[in-house]
2 protein chains.
Amino acid sequence: MPKSLRSPQQQQLQSLLIELRKAKGLTQTEVATRLRRPQSFVAKYEGGERRLDVVEFIEVAQALEADACLVLGELIQRSPVTTD
Amino acid sequence: MPKSLRSPQQQQLQSLLIELRKAKGLTQTEVATRLRRPQSFVAKYEGGERRLDVVEFIEVAQALEADACLVLGELIQRSPVTTD
DNA sequence: CACCATTATCCTATAATGGGATAATCCGCA
DNA sequence: TGCGGATTATCCCATTATAGGATAATGGTG
């Protein structure tokens, strides 16, 4: 796992996206299909092998039938990002 | 510029972050200092040489004294992301 | 155990990134 | 106009991350 993926925030994000997917009863393959990407893409961002940039995040939220803003808010709430 | 940075959404994001920074009267160097990164980091994400992942985006929003959720919402509003 | 669905990992060519140094640009001012 | 400082963009290239098909591992059911 790339070192940049070990931050608590990144891990929270991963957990959040996994929760969301399961809550919708979707498999990685289904999400991947919606995103027009291979299943390994989903496996990787969920597993912390890959980061999601902002635009990708929006797309993933869409595939998960979720509101990106709300997901982001939830993430921030769960683990406030401190630059200090 | 990496090819993944040419999407309209990415460019909208860049513009948005530049606007926000200028609206606050901040220089790249000041933002960079807040982020504890070199000025080139800011120059790159503003110029499209580098993408911001979700966690970085939250940090940048903070450095810009902006609400990440609102910024994300604005981005989505300006250029709806369609996975289709 | 056998089977099928689901998820994780391998592999490696290719692409992206870090960040100090340096170059370009911009701009007010005399 | 031309200097000087401030601001932003670009270079360089070693290091790190990513793509994505193939395959392995894991899970759950009967």
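As the structure is a computational prediction, the values presented were derived from the model and not from experiment. Only this structure's heavy atoms are used, side chains among them; waters, hydrogens and symmetry mates stay out.
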Problem - Distance, rounded to the nearest Å, where Lys22(A) contributes NZ and dA5(C) contributes P - result: 18 Å
Exercise for the section: Could you check Tyr45(B) against Val31(B) for side-chain contact (heavy atoms from CB on, under 4.5 Å), going step by step and ending with a plain yes or no? Expected result: CA-CA 12 Å; Tyr45(B) 74 66; Val31(B) 175; 3.8 Å; yes
Handout entry: Cationic N near anionic O, under 4.0 Å, Arg34(B) to Glu30(B)
Key = no
Practice task
Taking atom types as modelled, find out whether Gln14(A) and Glu46(A) have a side-chain donor-acceptor pair closer than 3.5 angstrom.
Solution key: no
Would you tabulate the nitrogen or oxygen pairs shorter than 3.5 Å linking the protein to nucleotides 19-21 of chain D?
{"from": "dA19(D)", "atom 1": "OP1", "to": "Arg50(A)", "atom 2": "NE", "distance (Å)": "3.3"}
{"from": "dA19(D)", "atom 1": "OP1", "to": "Arg50(A)", "atom 2": "NH2", "distance (Å)": "2.6"}
{"from": "dA19(D)", "atom 1": "OP2", "to": "Arg50(A)", "atom 2": "NE", "distance (Å)": "2.3"}
{"from": "dA19(D)", "atom 1": "N7", "to": "Lys44(A)", "atom 2": "NZ", "distance (Å)": "3.3"}
{"from": "dG20(D)", "atom 1": "N7", "to": "Lys44(A)", "atom 2": "NZ", "distance (Å)": "2.8"}
{"from": "dG20(D)", "atom 1": "O6", "to": "Lys44(A)", "atom 2": "NZ", "distance (Å)": "2.6"}

Problem - Value rounded to 0.5 Å, distance of CD in Gln62(A) from CG in Leu64(A) - result: 10.0 Å
Handout entry: Hphob cluster co-occupancy, Ile76(B) + Leu75(A), side-chain heavy atoms under 4.5 angstrom
Key = yes
Practice task
Using atom CG of Asp53(A) as one end and atom P of dA15(C) as the other, report the distance to the nearest whole Å.
Solution key: 17 Å
Problem - Ser40(B) (side chain) donor-acceptor with Ala43(B) (main chain) under 3.5 angstrom - result: no
Problem - Given Arg51(B), Arg37(B), Lys44(B), the one that forms salt bridge (charged side-chain N to carboxylate O under 4.0 Å, His left out) with Glu56(B) - result: Arg37(B)
Practice task
Quick one, give me the B/S/- string for nucleotides 23-30 of chain D, reading 5' to 3', where B means a protein heavy atom under 4.0 Å from the base and S means that only happens at the primed atoms, P, OP1 or OP2.
Solution key: --------
Practice task
Check whether Phe41(B) and Leu26(B) end up in the same hydrophobic cluster, where Ile, Leu, Val, Met, Phe, Trp and Tyr are linked by side-chain heavy atoms less than 4.5 Å apart.
Solution key: yes
Handout entry: Val42(B) with Ile18(B), same ILVMFWY side-chain cluster at under 4.5 Å
Key = no
Problem - the helix from dC1(C)-dG30(D) to dA30(C)-dT1(D): angle between end helix axes, five pairs per end, rounded to 10 degrees - result: 40°
Practice task
In whole angstrom, give the distance that lies between atom CZ of Arg36(B) and atom P of dG18(C).
Solution key: 17 Å
Exercise for the section: Round to a whole Å and report the spacing from CD of Glu49(A) to C1' of dT7(C). Expected result: 13 Å
Exercise for the section: Nearest whole angstrom, please: distance from the P of dT10(D) to the CD of Glu46(B). Expected result: 12 Å
Practice task
Report the distance from atom CD of Gln28(B) to atom C1' of dC26(C), rounded to the nearest whole Å.
Solution key: 13 Å
Handout entry: Audit row: Val60(A), Leu35(A), side-chain contact (heavy atoms from CB on, under 4.5 Å) steps and yes/no
Key = CA-CA 7 Å; Val60(A) 168; Leu35(A) 294 169; 4.0 Å; yes
Practice task
Find out whether Ile58(B) and Gln9(A) are in side-chain contact, i.e. whether some heavy atom of one side chain is under 4.5 Å from a heavy atom of the other.
Solution key: no
